[in-house]
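Working notes for the structure below.
Below, each value reflects all heavy atoms present in this structure, side chains not excepted, and no hydrogens, waters or symmetry copies. First the proteins, then the strands, lettered A, B, ... as listed; each starts at 1.
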Number of protein chains: 2
Amino acid sequence: MADGDVVRFRPQRPAPPQTSQQGLEDRLKSLFGSAVIAVSAFPGQHFFLEGDPASGIHIVRRGSVILYSITEAGGRHIQQIARAGDCFAVDFSHPHRLNAQALTEADTWHLPRRAVSLAVDSEPEARNFVFNLMDQQLRAARFKSELLSSRSAIQKCAAFLLTIEQPAGAGGEAPLTRIALKRVDIADYLGLTLETVSRMFNRLKKEGLIELPRHDAFRIADRARMNALARDLQPGEFALAS
Amino acid sequence: MADGDVVRFRPQRPAPPQTSQQGLEDRLKSLFGSAVIAVSAFPGQHFFLEGDPASGIHIVRRGSVILYSITEAGGRHIQQIARAGDCFAVDFSHPHRLNAQALTEADTWHLPRRAVSLAVDSEPEARNFVFNLMDQQLRAARFKSELLSSRSAIQKCAAFLLTIEQPAGAGGEAPLTRIALKRVDIADYLGLTLETVSRMFNRLKKEGLIELPRHDAFRIADRARMNALARDLQPGEFALAS
DNA sequence: CGTTATATTGAAGCTCATCAATGAGCGTGG
DNA sequence: CCACGCTCATTGATGAGCTTCAATATAACG
């Protein structure tokens, strides 16, 4: 339970990747050896479906994967958006309760359930690693329910954009961040409608909080105000030009 | 990673207690020996506060404990309501990110961080136990975010009541379930206002879905319709007398 | 180009929050 | 025992915010 490689808590950010790409790959190989399987998928393909037997741990190497469930009324609820460095399905003792679908072209590493089980039983390092992944999942889930509760649509959207933002490299100008999700996907993630998401994005643009040169790319223009919004501002404090 | 004592997934229910009171106590003693500490609190007292160093695992023996955070605007967000058999703060590698407050008189077991750490490293049984607790936490968090997303107030309230309901003993009449939380607590948990919670409860009563003889006790009167509501019905399917 | 998928924008209506007043329950002290 | 104060729940009126339905615009691609 050493604290050494535990990811530090960052408010307003769900589980960030814990190491660099290469470092992570090395780590996986050293902990799980040849059991590490590379799995890729095209947009729309599923890694697994609800009800499938537990498959083990999945880690995103490239692209985006959504974890969703379907309600009886046919509504889709996106529980998690896993991006490079994020893990999913770490809860490996049950049949899957969510569908895992590639949103973009996506490469992942798959650690089969049995290999994880063996490694965890024999290797303290592996155990620690898996604990951290579970913790990462837990924090992602908490972050999401915090996002959903009692925030207005504009706050949810601002928080969402801050979450998916690719921060600037040291010193450089902040780059444009691609929005890999369609409006309807974002809506299903935030518990809004696609129209509302669209309206809020354009409101943030009009107010100068973000740049939105294309419908699928943005840049934070006023970070202070974005942060204030994404935290929990008094409703009136985000006065809009009428 | 044996499946043997893993809690089976139950839709619409967060992590149920995994064993009986006595069984759980025996299990704890055998796994963690004398490290198990009994901790009690009066209503309103805190077990720990946000920012406190990680304390280890807590398990509720009697009463209710709420886990909440405070937003910058002063709003309270109740992340989890832990009742007898539930665990909290299993994520033990970080400073606490939530406040843990006794809602009622509450008795808990506390497994200090270090003792857990030692046991997990040496005892496969203990490891398994802790994994299950983490999984329980994760499922509770997922359940909550499902509860919050895209459900109407009436659905949230119905789902909440089903969640806290004490099911009938075999064959017997369903007992009245005490509502330990105040309206404002329920509201902070569901992301609603206390007035809306009150209105929805009374609407469910008027429609004959529940009995509500006192403001702090209820019984499910029409389980089929309650279940249908708590799942995800088409908006129109819950027609109310106007 | 024309076609399809996605995004934006508008208008109307419904749900829920807000503000405000009233009611019910309960303990305390006269 | 009743009056008072306190806490919590209920109920009403109003308005803001979001969804819904519908129309239009933009982008991607053959």
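Distance B:Leu192 CG to D:dA9 C1': 16 Å, rounded to the nearest Å. Between A:Ile154 atom CD1 and D:dC18 atom P the separation is 8 Å, expressed in whole Å. Across the protein-nucleic acid pair, B:Arg203 atom CZ and D:dG12 atom P stand 14 Å apart, rounded to whole Å. If you measure from atom CD1 of B:Ile186 to atom C1' of D:dA9, you get 11 Å, rounded to the nearest angstrom. The CG atom of B:Asp188 sits 11 Å away from the P atom of C:dA17 (whole-angstrom rounding). D:dT7 atom P lies 15 Å from atom CG of B:Asp185, rounded to whole Å. We find that NZ of B:Lys205 is positioned 11 Å from C1' of D:dT10, with the value rounded to whole Å. Rounded to an integer number of Å, the gap from A:Met200 CE to D:dG17 C1' is 8 Å.
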Requested in this report: In sequence, state the C-alpha distance, the side-chain angles, and the governing distance for B:His58 and B:Phe48, and then conclude on ring pair (Phe, Tyr, Trp, His ring centres under 6.0 Å).
Outcome: CA-CA 11 Å; B:His58 302 253; B:Phe48 53 77; 5.2 Å; yes
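Ion pair A:Glu165/A:Arg223 flagged as a salt bridge, since at least one NZ, NE, NH1 or NH2 atom sits closer than 4.0 Å to an Asp/Glu carboxylate oxygen. At a threshold of 4.0 Å, the pair B:Arg97-B:Glu50 does not count as salt-bridged, since none of the basic side-chain nitrogens sits closer than that to a carboxylate oxygen. Ionic pairing of B:Glu211 and B:Lys205 is not present here: no N-O contact between side-chain nitrogen and carboxylate oxygen is shorter than 4.0 angstrom.
In this structure, B:Lys144 is positioned above the aromatic face of B:Tyr189, its NZ or CZ under 6.0 Å from the six-membered ring centre and within 45° of the axis.
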Only pairs under 3.5 Å count here: list side-chain donor-acceptor contacts from residues 179-186 of chain A, not counting sequence neighbours, and write none if there are none.
{"unit_1": "A:Arg183", "atom_1": "NH1", "unit_2": "A:His215", "atom_2": "O", "d": "3.2"}
{"unit_1": "A:Arg183", "atom_1": "NH2", "unit_2": "A:His215", "atom_2": "O", "d": "2.9"}
{"unit_1": "A:Asp185", "atom_1": "OD1", "unit_2": "A:Arg76", "atom_2": "NH1", "d": "3.2"}
{"unit_1": "A:Asp185", "atom_1": "OD1", "unit_2": "A:Arg76", "atom_2": "NH2", "d": "2.6"}
{"unit_1": "A:Asp185", "atom_1": "OD2", "unit_2": "A:Lys182", "atom_2": "N", "d": "3.2"}

Query - Sugar-phosphate or base contact per nucleotide [nucleotides 2-9 of chain C; S, B, -; heavy atom under 4.0 Å] - result: ----SSBB
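Sequence order on DNA chain D of the closest nucleotides to A:Pro213 and A:Ser152 puts A:Ser152 first from the 5' end.
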